[in-house]
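Here's the structure we're looking at; comments come further down.
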Number of protein chains: 2
Amino acid sequence: MRRGFERSKADFGADRAATLASVAAAAGVSRQTVSNIFNAPHKVQLATRRRVEAEIARQGYRPNRSARSLRIQRSGLVGYCVKPPSPAGDPIMDRFVHSLCQAAERDAYHVLLFAATPDGPMAAYEHLVAQQAVDGFVISDTTVDDARQEWFQRRGVPFAAFGRRWSGPEIGAWIDIDGAAGVAAAVHHLAELGHRRLAFIGWPEGSGVGDDRCRGFREAAVERGLAVAGIAHTVNHYDDGRRAAAELLAQADPPTAVVCVSDELAVGCDTAIRDRDLVPGRDVAVTGFDDTSSAALPTVSLTSVRQPLQEVGDHVVRLLVDALRDPGADPEHVLLVPELVVRHSTDHPDRTVP
Amino acid sequence: MRRGFERSKADFGADRAATLASVAAAAGVSRQTVSNIFNAPHKVQLATRRRVEAEIARQGYRPNRSARSLRIQRSGLVGYCVKPPSPAGDPIMDRFVHSLCQAAERDAYHVLLFAATPDGPMAAYEHLVAQQAVDGFVISDTTVDDARQEWFQRRGVPFAAFGRRWSGPEIGAWIDIDGAAGVAAAVHHLAELGHRRLAFIGWPEGSGVGDDRCRGFREAAVERGLAVAGIAHTVNHYDDGRRAAAELLAQADPPTAVVCVSDELAVGCDTAIRDRDLVPGRDVAVTGFDDTSSAALPTVSLTSVRQPLQEVGDHVVRLLVDALRDPGADPEHVLLVPELVVRHSTDHPDRTVP
DNA sequence: CTGTTAGCGCTTTCAT
DNA sequence: ATGAAAGCGCTAACAG
């Protein structure tokens, strides 16, 4: 029977992991001095410090995390709950999670990832809090009737949200993308291209994010004095976007540009335009939201609103660290303006002013 | 100045978190008995057990994780390194990560997520090992010259891989998707539809995953006695797929079906077919790999190979847990056959036998 | 600036 | 079946 590891965990146990004591003994100083090297370097004389540091490097010593956490009563972990994958895939999850990790590590934190359990939405959070497994949470995808913020507040659990509160009183710190501003940027862009008659395809009403983006459309249209040729509300599926767009385009006085609440719906709209033997961007303009990989496909080439997720990660960690440091401080709220990525769906090479 | 939390962390400190001692005192038993409830329930009389359990529930007590980890010398954490997001987005990352979390939690583990640091590929791994922050690692995206497995072995660090070893001796347990079988399934499907002349668009040679899928194509073509009208190798971009497909289709005796190593390239191929005023699936068939959201778009409707990522998560956690339990055991290797999702790109409604 | 002491909350012998 | 005692590795308070 072949061994899986030349040097298994059991063998490894022979030369035990380095500890404060092993480093101290080898360097001929007290354990406290070694500890100080990490936690209060200025308290150690340069000569001894050098010597101890050499020994630390030689043994590859790092303070044991459990022991340290137990002593200082902090885990150094940030909890984040991943939502179940949707069939359509999540266009921003991978970027957000990576930026979250990076930002956390800059502040000497790590991310503890967990999935929701079947027994209630807060069960997994509760479990981690009771175990004192994490110092706080980052949450995302906040909804209109989100119960999490209030739950955290009631228990004094520090957190920071990617996504604002859509109802009720403000609780805790959040950072969010200004969806209304993103959609407004699309409207302004279209207005500058000469479009005077616009339509909007949004999600069903009541969804926080969706309503916000819809408001951005309405307000920008008013501000620019543009005609609104219709506002549709539909679930976030390609087919529904295609159907909604077909109806809008079949009107007596159809829009020359359609602003969509998501790339998924915008790609449906793109198809509806082609269904009428029109060319997206040349005959009818379209915009989406999220700058997904589908939008970037040259066959689609969709103008879309891109969320600055790197910055979101940086901010959300900062907000949490602030809450951890000073639980009594005023929670901060940050609204980031996203960026419009212009492609052929609004700016076709053969386009003439509508 | 408004307070962020009605009951801040500081206030919260007043009624400290429940401990073994607090539960024991309230229930009128020793700390040991409370501990036994969790770790050796059979050793406790039913009557006292009920009483203590009631008190545990009342106080919402859970054993402190740091203390427990320190005592038993295990963190209950599995490390997983997220790779930086690519511009194209990762089509399978969200599904894999979620299944990883779920599977880990079934075995009372949690996932510690971290990002690679600038200072060397193993620096982040090393840091976590030295701190004893995790009990082992799950790795994915194994490459031909992957140095991680050997590194883990040398240090006796338990791990399990999603992705086989592409070179060198076997080290550790892995689970992988049988890409060759997936591509072969596509070839067999095409053969059954009557196609006799196929081409393949793959990645540059030397990439483990890509070569494996290419081999699946060659072998299945031989097995079925099909003609090979060309094998292209290109980087994984839409435009390159389109260009490669254009060349293959411009030949004197072009293929009637093109098998692609990825959805990204397959969508490029789809465009190249349309560029020649042909209809994908009716005139020339195309297949991709990964069943991404782009493939599922009805405008594309791409037949594609879908990886069973839920099962991959289950297996990879099982393999790691096995390695943790018995470091000396033979590492297991699992190869999962993926499933072909048939759509219009191979089975167009108006299709006639080629 | 260095060394000693105590204890974070838990599990694991060992007695009873 | 239950209770007492020891100690995992660390940091903070204090004494020298």
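Heavy-atom basis, side chains included; hydrogens, waters and symmetry copies ignored. In the text below, chain A, chain B and the rest are named by the order of the sequence lines, each starting its count at 1.
For DNA chain D, the residues of residues 48-68 of chain B within the heavy-atom distance limit of 4.0 Å (strictly under) are T48(B), sorted by number. Sorted by residue number, the members of residues 30-43 of chain A with any non-hydrogen atom under 4.0 Å from DNA chain D read R31(A), Q32(A), S35(A), N39(A). Of the residues in residues 19-29 of chain A, T19(A), L20(A) come within less than 4.0 Å of DNA chain D through at least one heavy atom, sorted by number.
Checking the phosphate oxygens (OP1, OP2) of dG9(C), no side-chain nitrogen or oxygen of Q132(A) falls inside 4.0 Å.
Side-chain contact check for Q132(A) and S75(A): no donor-acceptor pair (N or O, by modelled atom type) lies under 3.5 Å. H127(A) and R62(B) share a donor-acceptor pair across their side chains, judged by distance under 3.5 Å alone. A donor and an acceptor atom, one from each side chain of R31(A) and N36(A), are nowhere located under 3.5 Å apart.
Side-chain atoms of Q149(A) do not come within 3.5 Å of backbone N or O of G172(A) as any donor-acceptor pair. In this structure, T142(A) contributes its side chain and R165(A) its backbone to no donor-acceptor pair below 3.5 Å.
Salt bridge D314(A)/R318(A): absent, no basic N to carboxylate O contact under 4.0 Å. Using a 4.0 Å cut-off between a side-chain N of Lys or Arg and a carboxylate O of Asp or Glu, E126(A) and R155(A) qualify as a salt bridge. Ion pairing between E53(A) and R49(A) holds under the 4.0 Å rule for side-chain N and carboxylate O.
Contact annotation for L70(B): base contact, defined as any heavy-atom pair under 4.0 Å involving a base atom.
Under the side-chain contact (heavy atoms from CB on, under 4.5 Å) test applied with Y109(A), the options V317(A), L324(A), V134(A) reduce to a single match, L324(A).
Closest approach of A130(A) to G60(B), counting heavy atoms only: CB-O, 3.7 Å.
For I72(A) and dG9(D), the CD1 to C1' distance is 13 Å, given to the nearest whole Å. Protein atom CD of Q45(A) is 14 Å distant from nucleotide atom C1' of dG3(C), rounded to whole Å.
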